[in-house]
Trainee: 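This structure is in structure tokens; I'll ask about it shortly.
Order of appearance sets the numbers: ligands from 1, and atoms from 1 within every ligand.
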Amino acid sequence: MSVGVLGTGHYVPTKVLTNKELEEIVETNDEWIRTRTGIEERRIASDDMDTADMAYFAAVDALKEANIEPEEIGLILVATVTPNKPFPSVACMLQDRLGAKNAAAMDVSAACSGFMYGMITAKQFIETDAYKYVLVIGAEKLSKITDWTDRNTCVLFGDGAGAAVLGKVAEGKGILSFELGANGAGGEHLYQNAGSYLVQNGREVFKFAVRQMPDSVVNVVEKAGLAKEDVDFLVPHQANMRIMNIARERLGIAEDKMAQSIKKYGNTSAASIPIALSEEVKNGKINDNDIVVLVGFGGGLTWGAVALRWGR
Ligand code: UT7
């Protein structure tokens, strides 16, 4: 047996913020945002909805798809940089709301790579038979740490949550290979001081991303003993369409074989990969036996990638 995804789910707030509406808030324009980032609109959570609420809705969706009861979960991992509070963790809030009374719970802090770190942490506990099912979530309310007067950052981010239930799957399916990495020396390029707003040196993060993302994709494909041509679907962190396209071109895969939810949701940090994954499963773009590559990068600096054969 190996470890794989038993079910996926996601939730995004209903309020849409378009590029046109942003033109009223900061000196920007729809053309700049579309051509430089690929973003057309993003979702913004209401004042009475915080990260744990979005995480809850995504979790319920994933548990339903996996056909697993909350009491069966052994561990809840929530990747987020926007927890409701410094502590208790979002994972503990979720454990209570789900009624997952047999689950341990903690948050994972690896910024936009958080869902990759969560998945690989889950894999270890399942492989060692410590836990049968692990619920992994990426959830963010980035709008609350966004400086709405800074056009360099406020046009980029959005709110949402994605979830996956991991457990054992048939031999040959599930996670085939992974890569996790960090370079703390680059931490100054993307950070948030306590109680303040997110700060990003876009150009520096861009330079890091265009090198790291394609490299990680190629590394996990090779580690899995596969060829680039074997990849059926790519789910990259949704930070910038230009960065995503560079990774896609390195694999030589067609545009319709890559998740592009950035257009509708912007960059949702740790939530972007699981939201995109869940949507593409629901859209029927990811099917049994497909080779799927997930790849993320972000603050830390951190990165992570996973190659899997889809199915249970
Ligand atoms: O999930 C975390 C990972 N984060 C990322 O992956 C982000 C990586 N970086 C990026 O995606 C890009 O660097 C950005 C989209 C953030 C910026 O794009 P860029 O092509 O690197 O633009 P830039 O920062 O070099 O700025 C070019 C120009 C500047 O004007 P000047 O100095 O050339 O006159 C900016 O002031 O664009 C200006 N600018 C804007 N103009 C209109 C910056 N933001 C905006 C804006 N609207 N929103």
Side-chain angles (χ1 to χ4, degrees), residues 17-42 79-82 108-117 138-143 145-162 181-184 186-192 197-217 235-248 258-263 265-276 294-305:
L17 178 65
T18 64
N19 292 347
K20 275 268 169 251
E21 287 169 298
L22 272 166
E23 290 178 6
E24 309 293 314
I25 301 172
V26 284
E27 199 186 323
T28 189
N29 58 79
D30 177 52
E31 164 74 12
W32 190 96
I33 303 171
R34 273 176 203 259
T35 53
R36 299 285 180 123
T37 73
I39 301 166
E40 293 167 12
E41 56 189 45
R42 68 288 291 139
T80 185
V81 293
T82 50
V108 176
S109 177
C112 307
S113 316
F115 189 78
M116 298 288 86
Y117 272 73
E140 303 284 9
K141 188 177 180 181
L142 290 165
S143 59
I145 63 162
T146 298
D147 180 351
W148 291 101
T149 65
D150 176 15
R151 69 173 183 176
N152 290 294
T153 53
C154 77
V155 303
L156 304 173
F157 300 103
D159 301 334
N183 174 15
E188 64 187 350
H189 300 315
L190 182 49
Y191 64 90
Q192 182 210 356
Y197 296 122
L198 176 156
V199 178
Q200 172 169 256
N201 181 336
R203 278 180 211 189
E204 284 303 321
V205 179
F206 192 91
K207 277 195 267 176
F208 154 68
V210 290
R211 191 183 65 245
Q212 192 57 54
M213 194 153 183
D215 282 358
S216 290
V217 166
V235 184
H237 171 44
Q238 309 281 306
N240 186 311
M241 191 70 93
R242 290 184 287 153
I243 301 170
M244 289 156 57
N245 278 333
I246 290 168
R248 182 177 64 74
M258 178 176 77
Q260 299 174 31
S261 58
I262 187 171
K263 292 178 187 170
Y265 306 141
N267 180 348
T268 57
S269 190
S272 92
I273 293 173
I275 290 174
L294 317 179
V295 58
F297 64 90
L301 300 168
T302 55
W303 61 91

Trainee: Looking only at distance, does W32 have an N or O less than 3.5 Å from an N or O of ligand 1?
Mentor: yes
Trainee: Within the structure, does at least one protein heavy atom fall under 4.0 Å of atom 41 (N) of ligand 1?
Mentor: yes
Trainee: Ligand 1 versus L190, non-hydrogen atoms closer than 4.0 Å: side chain, backbone, both, neither?
Mentor: side chain
Trainee: Counting only heavy atoms, which portion of A209 has something under 4.0 Å from ligand 1: side chain, backbone, both, or neither?
Mentor: neither
Trainee: Regarding atom 25 (O) of ligand 1: of the candidates R242, Q200, R203, which has the closest heavy atom?
Mentor: R203
Trainee: Ligand 1 and G202, any nitrogen or oxygen pair closer than 3.5 angstrom?
Mentor: yes
Trainee: Determine, counting only non-hydrogen atoms of the protein, whether one lies under 4.0 angstrom from atom 29 (C) of ligand 1.
Mentor: no
Trainee: Going by distance only, is there an N or O of T37 that falls short of 3.5 Å from an N or O of ligand 1?
Mentor: no
Trainee: Show your working on salt bridge (charged side-chain N to carboxylate O under 4.0 Å, His left out) between D215 and R211 and close with a plain yes or no.
Mentor: CA-CA 6 Å; D215 282 358; R211 191 183 65 245; 5.3 Å; no
Trainee: Taking only heavy atoms of A239 into account, list the atoms of ligand 1 that are under 4.0 Å away from them.
Mentor: 1 (O), 5 (C), 6 (O)
Trainee: Answer side chain, backbone, both or neither: which part of I33 comes under 4.0 Å from ligand 1, heavy atoms only.
Mentor: neither
Trainee: Mind listing the closest non-hydrogen atom pair of L142 and V81 along with its distance?
Mentor: CD2-CG2, 4.1 Å
Trainee: Is the closest side-chain donor-acceptor distance between T18 and E41 under 3.5 Å?
Mentor: no
Trainee: As a check for students: among H237, E204, R151, identify the option with a heavy atom nearest to atom 35 (C) of ligand 1.
Mentor: R151
Trainee: Out of V210, L22, L156, whose heavy atom is nearest to atom 16 (C) of ligand 1?
Mentor: L156
